[in-house]
Peer 1: 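What follows is a single structure, and I will ask about it in a moment.
Just so it is clear: chains get the letters A, B, ... in the order the sequence lines come, proteins before strands, and each one is counted from 1.
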Amino acid sequence: MRTHTCGELRPGQIGQRVRLAGWVHRRRDHGHLTFLDVRDRYGLTQVVTSAQQSPAAHADADPVRSEWVIAVGGVVRERPAGTANPDLATGAIEVAVDELEVLNPSRVPPFYVNEEQEGLDEAHRLRYRYIDLRRPQMQSQMLLRARLASSIRRRLEADAFVEIETPSLIRSTPEGARDFIVPSRLQPGRFYALPQSPQVLKQLLMVAGYDRYYQLARCFRDEDLRGDRQPEFTQLDLEMSFVSERDVMETVERIVLDVTRDTLPDRPILATPIPRLTYDQAIARYGSDKPDIRFGMELVDVTDAVRDTAFRVFSDAIVSGGAVLALRAAGCAGYSRRELDELQDVARANGAGGLVHLAVEADGTLRGPAARFLDVAAGGMIEATEAEPGDLLLMVADADRPRAAGAIGRLRLEMGNRLGLRDPNTLAYVWVHRFPMFTWDAALARWDATHNPFSAPVWEEADRLESDPGSVHAQQYDIVLNGWELGGGSIRIHRREVLERAFRLMGHTTERMRDEFGALLEALEYGAPPHGGIAIGLDRWAALFADQENIREVMAFPKTQSGSDLLMGAPSPVTDVQLEEVGLRLVDAAAR
RNA sequence: GGGCCCGUGGUGUAGCGGCCCAACAUGCCAGCCUGUCACGCUGGAGAUCGCCGGUUCGAAUCCGGUCGGGCCCGCCA
């Protein structure tokens, strides 16, 4: 049907007879001469019909419109002098068409494929995703994702990792995200769950001796959606045996950097080897466990500097054991009331009671609503923050230090955006590790795994599991890219007795443990090697590579925030027969 | 579960109590055009302003509800 693609022809083929097939990208009709740009995923080629030279083909081109699918036959020729198009890879040539076949006409498309359009309603794009995916930008994003996945596979295969598929119909477990459940027809009243991740399965594979496993695994979580969260998504899931935390981090780091350079050879990577921060360092310096290290503007602890002021907002927080944290926004002393209010809103929206702002005047004094209370501390604050005239100091005080850090960490990102410090071209990977093993859940009055309940404690700290769980760290590591949590993993607990202790601390009874994690617990008794691994979000990785803020942009058929597939119309009701087969009856018939 | 924002010809926007049976650009249709590449020129069609209800002499515009979409908090081991 075609001899070449639409991105292929060059002056070297001049004089050759060719056939192209594709979509009509644009039509320029000059009456006795018609230009058609024919497009496929490889590119665009201009073809010409002439009433004089090829009357039949010219007549056939008459009804052809945007997005019609056509095949053309003709001879490649050089464009007349002065009419070459340097913006087009195929712009030096054109095809003089003597034969044009309409393979399929198209209705007028619901939006433009042939030009970029700002503000196009995303619901509309999703409703006609097959057209949206024709847009050159979407095609390049899908192809980038494919290159990334391909690079991952090649790199892992070269490193002796074995790809093993795990089932999508598995057993529901509590903990973590809500499961999607699938009713069983063969056993009415029983349900499968779709995996939130192949976590337990890959650990069983380690017990089975496949000491380097990987999978591009589809995962499902029935939780509320966000721009970076879909109900189903893809993880690069990998697991290794006979490894320490350091081994895994070093192996993964080499893979990540190789894949990055392979997929995006021209994008600068901020720092290699990938910097490592402990969780405590990340919180203290950036106010986040997923810091964007493309810019500095680190948080400054001014608690000591303001300890003796009469400013109640600060002193109350300090007396309660809290902290006062500051951010130095260089050159922002001139911020307007409105800009300061917006920053105030950012602080409040992220847990701060308020935001104290002080501008540094030319004479080194401070100006701001709270300045008169802070006179005595002015020198100390300026020294601690290294502030200079013209700078703006932003401060958050809270009895709860992590809360203050979180709020000011978000302000840091906001200022990074406002000051244009988050260079979209740079890729800044960073490791965050040594997380606290447990977080106290005040509502449930129990300890909860900070990340993954299977994560091992730092072995030397394991004897404090019961006596002082809050002080135990996990052998856990997150890899962060440009402020996004890209992935996380850990060394797993490979001894039954330790895993049971950890579960018990999280409030599991022995019966529940045996019921829900029986297979894993038992497997650990049959020669489970020390092991650990990581899971990296492929969608997020692709989105960051494609410079998109939304993973929907790198997914072919994503769902909306309410979980709808606007193209296929899912979720949908099912028939009474289908319900009956699986032994279900809807409680509220009206809900259908 | 909660907060905020959006919904006007096919598409993107303007209009934000009467001047609007709605404007602009583009797309679409027709005619003309032999070197365009966002081709050009001329003409034309196309919207009960998401839906329901209310306020008002009068609603695209104000209010309430609802549906759809987005962002955020909670949630996401």
Peer 1: A:Ile131 CD1 to B:G27 P: how many Å, rounded?
Peer 2: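 One finds 17 Å between P of B:G27 and CD1 of A:Ile131, rounded.
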Peer 1: Could you list the residues that satisfy ring pair (Phe, Tyr, Trp, His ring centres under 6.0 Å) with A:Tyr42, not counting sequence neighbours?
Peer 2: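 Scan of A:Tyr42 (ring pair (Phe, Tyr, Trp, His ring centres under 6.0 Å), adjacent residues dropped) gives none.
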Peer 1: When the P atoms of B:U48 and B:C71 are compared, how many Å lie between them, rounded to an integer?
Peer 2: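 To the nearest whole Å, 29 Å.
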Peer 1: Can you confirm whether the side chains of A:Gln476 and A:Thr450 place a donor and an acceptor under 3.5 Å from each other?
Peer 2: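 No - no donor-acceptor pair under 3.5 Å links their side chains.
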Peer 1: When every nucleotide of nucleotides 33-43 of chain B is labelled 5' to 3' by its protein contacts under 4.0 Å (heavy atoms), B for base, S for sugar-phosphate only, - for none, what sequence of letters results?
Peer 2: BBBBBSB----
Peer 1: Report yes if at least one side-chain N or O of A:Arg65 is closer than 4.0 Å to OP1 or OP2 of B:C29; otherwise report no.
Peer 2: yes
Peer 1: Rounded to whole Å, how long is the line connecting atom CG of A:Asn114 with atom C1' of B:C28?
Peer 2: 13 Å
Peer 1: Decide yes or no on salt bridge (charged side-chain N to carboxylate O under 4.0 Å, His left out) for A:Arg540 and A:Asp228, but give the supporting numbers first.
Peer 2: CA-CA 7 Å; A:Arg540 289 181 183 180; A:Asp228 61 353; 3.7 Å; yes
Peer 1: Mind checking side-chain contact (heavy atoms from CB on, under 4.5 Å) for A:Pro11 and listing every partner two or more places apart, or none if nothing turns up?
Peer 2: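 A:Ile14, A:Ala92, A:Ile93.
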Peer 1: Is the base of B:G70 touched by the side chain of A:Arg552 through a donor-acceptor pair closer than 3.5 angstrom?
Peer 2: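 No, no donor-acceptor pair under 3.5 Å.
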Peer 1: Parallel, tilted or perpendicular: which describes the rings of A:Phe503 and A:His508, with under 30° parallel and over 60° perpendicular?
Peer 2: tilted
Peer 1: State which residues pass ring pair (Phe, Tyr, Trp, His ring centres under 6.0 Å) with A:Trp484; sequence neighbours excluded, sorted by chain then number.
Peer 2: none
Peer 1: When rounded to the nearest Å, what value does the distance between P atoms of B:A45 and B:A25 take?
Peer 2: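 It comes out at 16 Å once rounded to the nearest Å.
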Peer 1: Keeping to residues at least two apart or across chains, list the side chain to side chain donor-acceptor pair (under 3.5 Å) pairs with something in residues 554-573 of chain A.
Peer 2: A:Glu232-A:Lys559, A:Thr560-A:Ser562
Peer 1: Considering heavy-atom distances to RNA chain B, does A:Gly563 or A:Arg540 have its closest nucleotide positioned more toward the 5' end?
Peer 2: A:Gly563
Peer 1: Base, sugar-phosphate, or nothing: which does A:Arg127 touch, judged by heavy atoms less than 4.0 Å apart?
Peer 2: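 Answer is nothing: A:Arg127 stays at 4.0 Å or more from every strand.
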Peer 1: Students often get this wrong, so: under 4.0 angstrom with heavy atoms, is A:Thr439 touching a base, only sugar-phosphate, or nothing?
Peer 2: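 Nothing, no nucleic acid heavy atom in range.
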Peer 1: Taking the P atom of each, how far is B:C24 from B:C63, in whole Å?
Peer 2: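 B:C24 and B:C63 have their P atoms separated by 29 Å.
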Peer 1: A:Asp179 CG to B:C76 P: how many Å, rounded?
Peer 2: 13 Å
Peer 1: Go through B:G69, B:C71, B:U11 for me and flag the one nearest to the A:Gln561 side chain.
Peer 2: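 Taking heavy atoms from C-beta onward, the closest nucleotide is B:C71.
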Peer 1: Between P on B:G68 and NE2 on A:His124, what's the gap in Å once rounded to a whole number?
Peer 2: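 So the NE2-P distance, A:His124 to B:G68, works out to 17 Å.
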Peer 1: For A:Asp515, give me all partners under salt bridge (Lys or Arg N to Asp or Glu O under 4.0 Å), at least two apart in sequence or on another chain.
Peer 2: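 By the salt bridge (Lys or Arg N to Asp or Glu O under 4.0 Å) rule, A:Asp515 matches A:Arg171.
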Peer 1: Taking everything shown except A:Glu511 itself, do over 12 heavy atoms lie less than 6.0 Å from its CD?
Peer 2: no
Peer 1: Can you give me the N/O atom pairs linking the protein to nucleotides 6-9 of chain B at distances under 3.5 Å, or say none if there are none?
Peer 2:
none

Peer 1: So what does A:Leu126 hit on the nucleic acid, given a heavy-atom distance under 4.0 Å: a base, only sugar-phosphate, or nothing?
Peer 2: nothing
Peer 1: Does A:Glu245 have any salt bridge (Lys or Arg N to Asp or Glu O under 4.0 Å) partners at least two apart in sequence or in another chain, and if so, which?
Peer 2: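 Partners of A:Glu245 under the salt bridge (Lys or Arg N to Asp or Glu O under 4.0 Å) test: none.
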Peer 1: Please determine, for the side chain of A:Arg229, which listed nucleotide (B:G27, B:C76, B:G1) has the closest atom?
Peer 2: B:C76
Peer 1: Nearest-Å distance, CZ (A:Phe220) to C1' (B:C76)?
Peer 2: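 Atom-to-atom, A:Phe220 to B:C76, this comes out as 16 Å.
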Peer 1: Using atom P of each nucleotide, how far apart are B:C20 and B:C41 to the nearest Å?
Peer 2: 28 Å
Peer 1: Kindly state which residues belonging to residues 472-495 of chain A come within less than 4.0 angstrom of RNA chain B, counting heavy atoms of the residue only, listed by number.
Peer 2: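 The stretch gives none, as no residue of it lies under 4.0 Å from the strand.
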Peer 1: Taking ring pair (Phe, Tyr, Trp, His ring centres under 6.0 Å) as the test, write out the residues that go with A:Trp541, two or more places apart.
Peer 2: A:Phe545
Peer 1: With a 3.5 Å cut-off and just heavy-atom distances, do the side chain of A:Tyr128 and the base of B:G10 make a donor-acceptor pair?
Peer 2: no
Peer 1: Is there a donor and acceptor pair closer than 3.5 Å between the side chain of A:Arg221 and the base of B:C76?
Peer 2: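 Flag unset: no donor-acceptor pair detected.
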Peer 1: Considering only the C1' atoms, how many Å lie between B:G15 and B:C73, rounded to the nearest integer?
Peer 2: 34 Å
Peer 1: Check every strand shown and say whether A:Arg226 touches a base, only sugar-phosphate, or nothing at a heavy-atom separation below 4.0 Å.
Peer 2: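 Result for A:Arg226 = base.
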Peer 1: Would you please name every residue forming a ring pair (Phe, Tyr, Trp, His ring centres under 6.0 Å) with A:Phe111, sequence neighbours left out?
Peer 2: A:His124
Peer 1: Side chains of residues 67-78 of chain A: which donor-acceptor partners sit under 3.5 Å, not counting sequence neighbours?
Peer 2:
from: A:Glu67; atom 1: OE1; to: A:Arg39; atom 2: NH2; distance (Å): 3.0
from: A:Glu67; atom 1: OE1; to: A:Arg134; atom 2: NH1; distance (Å): 2.9
from: A:Glu67; atom 1: OE2; to: A:Arg39; atom 2: NH1; distance (Å): 3.1
from: A:Trp68; atom 1: NE1; to: A:Ser106; atom 2: O; distance (Å): 3.2
from: A:Arg77; atom 1: NE; to: A:Glu94; atom 2: OE2; distance (Å): 2.9
from: A:Arg77; atom 1: NH2; to: A:Glu94; atom 2: OE2; distance (Å): 3.1

Peer 1: Which whole-number value in Å describes the distance from A:Asp565 CG to B:G69 P?
Peer 2: 11 Å
Peer 1: Return the value, rounded to whole Å, for the distance between atom CD of A:Glu223 and atom C1' of B:C76.
Peer 2: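 One finds 5 Å between C1' of B:C76 and CD of A:Glu223, rounded.
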